[in-house]
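Quick caveat, the model's predicted, so the values are computed rather than measured.
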Amino acid sequence: MTQNNRIAAGGRVDRSQVLEFTFNGQRYQGLKGDTLASALLANGVNIVNRSFKYSRARGIVAAGAEEPNAVVQLGARDDTQVPNVRATQQGLYNGLVARSTNGWPNVQRDVMSWVGRLGGGFMPPGFYYKTFMAPASMWMTYEKYIRMGAGLGRAPTESDPDIYDHMHHHCDVMVIGAGPAGLAAALSAARAGARVILCDEQEEMGGSLLDSRETLDGVSASRWVEQTVKELGAMDNVTLLPRTTANGYHDHNFVTLHERRTEHLADTAREAGFPGESRARLHRVRARQVILSSGTHERPLVYANNDLPGNMLAGAISTYIRRYAVVPGNSLVLSTSNDHAYRTALDWKEAGRKVVAIVDARANPDSDLVRQARDNGIRVITGSAVIEARGGQRVTGARVCAIDLDRFVVTGKIEELECDTIASSGGYSPVIHLSSHTGTRPVWNEELLGFVPGKVKGMHAAGGVAGHYALSETLADGARAGRQAALESGFNDAQEIVLPATRARRDAPACALYQVPHEKSALRAPKQFVDLQNDVTAAGIEVATREGFESIEHVKRYTALGFGTDQGKLGNINGMAIAARCLDRSIPEVGTTVFRPNYTPVTFGAIVGRHCGELFDPERYTALHEWHVENGAEFEDVGQWKRPWYFPRMVNGKKETMHEAVARECLAVREGVGILDASTLGKIDIQGPDAREFLGRVYTNKWAKLDVGRVRYGLMCKDDGMLMDDGTTSCLGENHFLMTTTTGGAAGVLEWLELWHQTEWPELQVYFNSVTDHWATMTVTGPDARKLLSELTDLDLDKEQFKFMDWRDATVADVPARIFRISFTGELAFEINVQANYAMHVWKKLFEHGEKYNLTPYGTETMHVLRAEKGLIIVGQDTDGSVTPEDLGMQWAIGYDKPFPWIGKRALSRPDTRRQDRKQFVGLKPKDPSVVLEEGAQIVFDGKQSIPMDMKGHVTSSYYSASLKHGFALAVVMGGHERMGQTVYIPMTDGTVHEAEIVSPVFIDPKGARQHV
């Protein structure tokens, strides 16, 4: 097929290399250097997609990342499918296969297009919320058909044949954007000796200079770009990353970059001739200074039917003509509110096509570009705008009328102009999303009619993003930012660089034109689109404000303005301005929505990198993990930690089963001495003058009088009164405490403490730090524990000198340590905390001295049995978020008389939590000693009742006790505290029903006496 819109000369394409590609099953030809978008326009393809909501025909609008319509499905095979690729960012290669993401049975004839033809009244904002609320029973049916019309592409159904990788960098100066400001900044910083990384998301570096009409030092702008990039590329301290998008800007100048490495060459890296090469790469950059030179996006004008194929951004048309030698039409009407867009009409005329008229919203525009246009015989209509586009599958004409922006009305007679292309320009919006990622709010600039970045420590905004649009100002601002960044990075000899000479040109001020008035109201006029990707209209925003949505964030969510992969690149400022007009507020009063990574989509492959093939979840190891592996431990996952589960030995040439190993370990602890690696317990260091007050508020019991050197067990409830965590907290100093938490609850507890401190009690001076990884914990427990430890420490371990629930500073095996006399087994126990780097030394010394005591390592399964024999709970196993401290029989740990409210107090006084028939914590003794009840098994009072049975509780923990020689269990039973001695029935999954007696949960008392047997 011939390339009807390709002009014979010019552009940055290689006419000697013809490439073939397929779009929607049709074969086309393009040139090396094309993007998919420029190749489609060269071939006269008008409709590239159907709109998301109304299924209206959509054509290419822009030339870069801001493109809302040309979002395509890429890939020749099932395993190479990539959804939602912008055709404007996809380099053309031989054999490329692309399809539209919407449109059935095809994009030319979409059966859903009737929705768009019915008008906006059929699907207003909130349509789904309002229409499908009732009957609720029909929602599953509604959803099936709604989802058939939703989405913007499909994920691949087979494994990706490519690989992806990550790289980590440190640099002095990270420059984002390689337009004129970025190049000048990189050159200035690099010449000063700074390590510079320069990235740009386009195929080539140069930004707007690649299609500029300007000259620098007497040579074309593109030639100056080539010279500058060549100089930078030759420097050892500079890394150049084209086709690389800065997709996230995080705290402390941490920037993530997405580099497309072989996506512009072939379907896969192997087919591109680079087997083993990554298709894309994610760079993680930590920079001393960041220069944001991301430029601007041109704003389209909002007028009726502005979504018809043939409506394009003025700057995009210039880019296609000058960079790709493609003129996307034959006759042009340009509607503008600024001078810069005039270059589009000049480019169009130079390409040999007809310029019907330039329609300028300003009454008296006067500048070099305006005079050039008039000198070229182009008609300029002032004080007017295109108020409506005419056409069906493509623009066929433009309705033009004088407008009064103060009264927001059209005036005078409407003129019909025949054309096939309408270019519009409503000014420029600085690309501020990256600075917004840091949480910094942008600042409205009334002169620019746009938001500029707020101040971010270590960041320098330069060029267009900072509001400098003239080329001479942009270059100077970039050079200034580069020099300043180098100086702040420690390069004190950074000098000002000599900038290229440019032609001085000053554009006249633009006028504020965000929505073009129509002879009908916005609700009656043909659709005026604000967000083309999400089908958000000016009428939709007006309806949202009428229905009470005043916050721009609420307007966004109600209308979908700025949603999806678009994030408001073209529409946000216009949408905010329309909302501001409807609410009778200024744009800065309305404010902006929040930008979030990723502003430009990033493939999951690049995010994952080489971490594929399994669920990627970090594994955490204690400082003693290597010893456990060497000694044959079997491990279980507790949170993200690998904890020794049990230590099987070889007995008579046969490896112990778990039950055999656990029985042996339990007896060793009860009768001799055992040791447990308890390093995974959460440890939170709490300091501050209000630390005691804070502890009293988050725990159920009292903390005001806990002495230094003492330890207290505490229960922590959520505000509904249900137990969320337990643990011991030690008083290290008058205002210094060490809190321990369950292994799996450590992160949640820290977050809980921070939440209450920051949102409810900010007046309290208290500070929290996780020190879990800093301290290794070794628990030595059993009757011989004191004998063993006394051989390795300088501390007097006498029970009168070192009492239960005391802690002391000491040395263990010549290592500074904290020793705590607390126990989770009910036996004599000492918890030894040492700095994690010394843990292995201390652990091995304990085993050297413990050999004569038959020191036995034990794991988590044994720990569970030992604590259960003593009736001690594990939060998350014996509790499930519906259990209060009183349900557990722990009234002794509740300080109802504390002189201030504490979390959960009010909830514990509610009638529901005071009921006597609540599920309460008890022990269960099976009538058959050999039976081990199933954990989770339900409990009934009548074993002969028919199914469904009336369930009265469930088993929470169940084990066989080598000490008791009996199976036993812990459970929660309705009214269990008053049912001691009663028989209950436990149906098992094998169909059997077992009897058990309700008993106290303490099966071995603190003195070692065996209960209930």
For Asp685 and Gln687, test the side chains for any donor-to-acceptor distance below 3.5 angstrom and give the result as yes or no.
yes
Enclosure of Met951 CE (heavy-atom neighbours >12, cutoff 6.0 Å)
no
Kindly determine whether His864 and Thr862 satisfy side chain to side chain donor-acceptor pair (under 3.5 Å), including the steps that lead there.
CA-CA 5 Å; His864 282 210; Thr862 296; over 6 Å; no
Before giving the answer on salt bridge (Lys or Arg N to Asp or Glu O under 4.0 Å), spell out for Asp707 and Lys705 the whole-Å C-alpha distance, their side-chain angles and the decisive distance to 0.1 Å.
CA-CA 6 Å; Asp707 292 332; Lys705 296 181 180 180; over 6 Å; no
Is a side-chain donor or acceptor of Glu553 paired with a backbone partner of Val594 at a separation under 3.5 angstrom?
yes
Please confirm whether Phe768 and His757 have ring centers closer than 6.0 angstrom.
yes
Do we see a donor-acceptor contact under 3.5 Å between the side chains of Thr860 and Arg643?
no
As an exercise, state the distance from NZ of Lys787 to CG of Leu797, rounded to the nearest 0.5 Å.
13.5 Å
Any donor-acceptor pair under 3.5 Å linking the side chain of Gln920 with the backbone of Leu888?
no
Around atom NE2 of His736, are there more than 12 heavy atoms from other residues, nucleotides or ligands closer than 6.0 Å?
yes
Ion pair present between Arg808 and Asp806, side-chain N to carboxylate O less than 4.0 angstrom?
yes
Would you indicate whether Lys944, at its atom NZ, is surrounded by more than 12 heavy atoms from other residues, nucleotides or ligands within a distance under 6.0 Å?
no
Tell me if a side-chain donor or acceptor on Ser679 pairs with a main-chain N or O of Thr777 at a distance below 3.5 Å.
yes
In terms of heavy-atom contacts, does NZ of Lys845 have more than 12 from other residues, nucleotides or ligands at under 6.0 Å?
no
Nearest 0.5 Å, please: how far is CG in Asp725 from OG1 in Thr741?
5.0 Å
Could you check His628 against Asp677 for side chain to side chain donor-acceptor pair (under 3.5 Å), going step by step and ending with a plain yes or no?
CA-CA 9 Å; His628 303 322; Asp677 181 2; 2.9 Å; yes
What verdict does the salt bridge (Lys or Arg N to Asp or Glu O under 4.0 Å) test give for Lys642 and Asp637, after you've listed the backbone C-alpha separation in whole Å, the side-chain angles of each residue and the deciding distance to 0.1 Å?
CA-CA 5 Å; Lys642 291 291 186 183; Asp637 295 326; 2.7 Å; yes
Candidate pair Lys718 and Asp720, rule salt bridge (Lys or Arg N to Asp or Glu O under 4.0 Å), full reasoning:
CA-CA 5 Å; Lys718 287 199 170 183; Asp720 60 1; over 6 Å; no
Decide yes or no for Trp775 and Leu738: does some side-chain heavy atom of the first lie under 4.5 Å from some side-chain heavy atom of the second?
no
With no hydrogens and no angle check, is any side-chain donor or acceptor of Lys683 less than 3.5 Å from a backbone partner on Ser770?
no
Kindly check if the number of other-residue, nucleotide or ligand heavy atoms within 6.0 Å of NE2 (His250) is above 12?
yes
Side chain to side chain donor-acceptor pair (under 3.5 Å) assessment of Trp645 paired with Glu861:
CA-CA 6 Å; Trp645 192 10; Glu861 188 67 17; 3.2 Å; yes
Compare every heavy atom of Ala691 with every heavy atom of Asn735, then report the nearest pair and how far apart it is.
O-CB, 4.1 Å
Output yes when a side-chain donor or acceptor of Thr856 lies under 3.5 Å from a complementary backbone atom of Asn854, and no otherwise.
yes
Gap separating the CZ atom of Phe830 from the CG atom of Leu789, nearest 0.5 angstrom:
6.0 Å
Is the number of heavy atoms from other residues, nucleotides or ligands within 6.0 Å of NZ (Lys905) greater than 12?
yes
Do Thr956 and Glu935 pair up side chain to side chain, a donor and an acceptor below 3.5 Å, judged on atom types alone?
no
Euclidean distance, Asp1005 CG relative to Glu869 CD, rounded to 0.5 Å
12.0 Å
Output yes when a side-chain donor or acceptor of Asp794 lies under 3.5 Å from a complementary backbone atom of Thr811, and no otherwise.
yes
Proximity of Phe847 and Trp627 rings by center, below 6.0 Å
yes
Answer whether the closest heavy-atom distance between the side chains of Val662 and Val865 falls below 4.5 Å.
yes
Would you sort out whether Glu934 and Ser958 count as a side chain to side chain donor-acceptor pair (under 3.5 Å), showing the intermediate values?
CA-CA 7 Å; Glu934 294 173 351; Ser958 181; over 6 Å; no
Tell me if the aromatic rings of Trp641 and His625 count as close, with their centers under 6.0 Å from one another.
no
Enter the distance from His966:NE2 to Phe1003:CZ here, rounded to the nearest 0.5 Å.
9.0 Å
Quick check against the 3.5 Å criterion: does Thr740 have a side-chain atom that pairs as donor or acceptor with the backbone of Leu681?
no
Met722 versus Asp880: any side-chain heavy-atom pair under 4.5 Å?
no
Any side-chain donor paired with an acceptor under 3.5 Å for His849 and Glu791?
yes
Do NZ/NE/NH1/NH2 and the carboxylate oxygens of Lys702 and Asp897 come within less than 4.0 Å?
yes
Electrostatic pair Asp950:Lys952 at N-O distance under 4.0 angstrom:
yes
Ring centres of Tyr699 and Trp902 under 6.0 Å apart?
no
Can the positive tip of Arg710 be found less than 6.0 Å from the middle of the six-membered ring of Trp807, inside 45° of the ring normal?
no
Enclosure of Tyr960 OH (heavy-atom neighbours >12, cutoff 6.0 Å)
yes
Donor-acceptor contact below 3.5 Å, side chain Arg670 vs main chain Leu866
yes
More than 12 heavy atoms of other residues, nucleotides or ligands under 6.0 Å from CD of Glu634: is that the case?
yes
Can you find a side-chain donor-acceptor pair between Thr825 and Thr781 that sits under 3.5 Å?
yes
Please determine which of Asp942, Val940, Ile939 meets the side-chain contact (heavy atoms from CB on, under 4.5 Å) test together with Tyr985.
Val940
Do NZ/NE/NH1/NH2 and the carboxylate oxygens of Arg818 and Glu831 come within less than 4.0 Å?
no
What closest approach, in Å, do Ala969 and Leu933 show between heavy atoms, and which atom pair accounts for it?
CB-CD1, 4.2 Å
Please walk me through it: do Arg867 and Asp878 pass salt bridge (Lys or Arg N to Asp or Glu O under 4.0 Å)?
CA-CA 12 Å; Arg867 64 87 198 172; Asp878 299 302; 2.8 Å; yes
Is the NZ or CZ atom of Arg697 both under 6.0 Å from the centre of the six-membered ring of Trp756 and within 45° of that ring's axis?
no
What one should report as the nearest heavy-atom pair of Gly674 and Val669 is CA-CG2, 4.0 Å
Nearest 0.5 Å please: distance from the CD atom of Glu763 over to the CG atom of Asp690.
8.0 Å
Is Arg692 reaching over with its side chain to a backbone N or O of Leu706, donor-acceptor style, under 3.5 angstrom?
yes
Any salt bridge (charged side-chain N to carboxylate O under 4.0 Å, His left out) pairs touching residues 747-762, not counting sequence neighbours?
none
Just by modelled atom types, is the Leu732 backbone N or O under 3.5 Å from a matching donor or acceptor in the Ser730 side chain?
no
